[in-house]
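Working notes for the structure below.
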Amino acid sequence: MIQINIIGSGNVAQHLIKAFEGSKTVEIKQVFSRKKETLLHLVDYEKIATDYNEIQPADLHIIAVSDNAIAEVSEQLPFNNQFVVHTSGTSSMELLNPKNRRGVFYPLQTFSKNKAIDYSIIPFCLEAENTADFKLLESIAKSISTAVHSVSSEQRKALHVAAVFVSNFTNHLYSLGQEVCEENQLPFAILRPLIQETADKINTLNPIDAQTGPAIRHDSNTTEAHMAFLQNENKKNIYKILTQSIQHNGKKL
């Protein structure tokens, strides 16, 4: 069995713990959390380290913490020449302390507490300093996912920017849409079939070909009516910018 340690206790760390529970080739040797109770619902008490000096050697150490804590955590690890990776979409592999062999184990997914996920379809984007470590990382990723990719630091940065557009920004637009509904005594649920169909379409169409609505039709009567309806300046500005972006079809505004 390949033995791994997971360092962190947030959403990504907890989902990785759940993912590796079903692996037949990878065993979680230890997890690190400043408070044992944070992970007791997932891991046996004796497997939880609360002090960096308690972390034991393993085949792989996965640092799953916020980007601004990666460097500090990697410096605190009490060993040298072990294989250490982080899970960040934007941080360079070089952010990890060079006393250990370095890599990246980036799961391209949005993680929320108490939301079940099919880990087998999550894309894992991998990077390592040498071929042997990459092959180990690849075998570990393939034990839980069918979508494993070799991605450089620059490619991963681009991928993370793209992910913010299609996930984080899109979800924010859902929130704005919900506010508009609630302000006008409408249930947000009435939009869910539309949201689902819009998402489903890109399984068979390029997003640019799937675009519909008044902006792509240059229906100025409708867009101007919408702008007049919106009283909130933030929503009005977002509507205007997105309308212009759609109409310019990717060209500079």
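Along the sequence shown, residues carry numbers from 1.
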May I ask you to decide if Ile241's main-chain N or O and Ser245's side chain share a donor-acceptor pair within less than 3.5 Å?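 No; judged by distance alone, with no hydrogens or angles, the pair does not exist.
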Measure the shortest side-chain to side-chain distance between [X] and [Y] over non-hydrogen atoms and say whether it is less than 4.5 angstrom.
{"X": "Phe32", "Y": "Glu54", "answer": "no"}
{"X": "Tyr106", "Y": "Val12", "answer": "no"}
{"X": "Thr87", "Y": "Pro107", "answer": "yes"}

Can you confirm whether more than 12 heavy atoms, excluding those of [X], are under 6.0 Å from its [atom1] atom?
{"X": "Lys157", "atom1": "NZ", "value": "no"}
{"X": "Lys18", "atom1": "NZ", "value": "yes"}
{"X": "Glu75", "atom1": "CD", "value": "no"}
{"X": "Lys201", "atom1": "NZ", "value": "yes"}

Could you tell me whether the side chains of [X] and [Y] share a donor-acceptor contact shorter than 3.5 Å?
{"X": "Thr90", "Y": "Asp67", "value": "yes"}
{"X": "Gln109", "Y": "His15", "value": "no"}
{"X": "Asp133", "Y": "Asn130", "value": "yes"}
{"X": "Ser152", "Y": "Glu154", "value": "no"}
{"X": "Ser23", "Y": "Ser143", "value": "yes"}
{"X": "Gln76", "Y": "Glu72", "value": "no"}
{"X": "Ser153", "Y": "Glu127", "value": "yes"}

Hey, can you tell me if Tyr239 and His226 have their rings parallel, tilted or perpendicular (30° and 60° cut-offs)?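 Ring orientation of Tyr239 relative to His226: perpendicular.
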Check [Y] with [X], please: is the shortest side-chain N to carboxylate O separation under 4.0 Å?
{"X": "Arg102", "Y": "Glu129", "answer": "yes"}
{"X": "Glu138", "Y": "Lys135", "answer": "no"}
{"X": "Lys235", "Y": "Glu179", "answer": "yes"}

What heavy-atom pair brings Tyr52 and Arg34 nearest, and what distance separates the two atoms?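 In terms of heavy atoms, the two residues are closest at OH-NH2, 3.5 Å.
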Which atoms form the tightest heavy-atom contact between Val166 and Thr170, and what is the distance?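 Result for this residue pair: O-OG1, 3.0 Å.
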How many angstroms lie between OH in Tyr119 and CZ in Phe20, if you round to the nearest 0.5 Å?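 Taking OH in Tyr119 and CZ in Phe20, the distance rounds to 11.0 Å.
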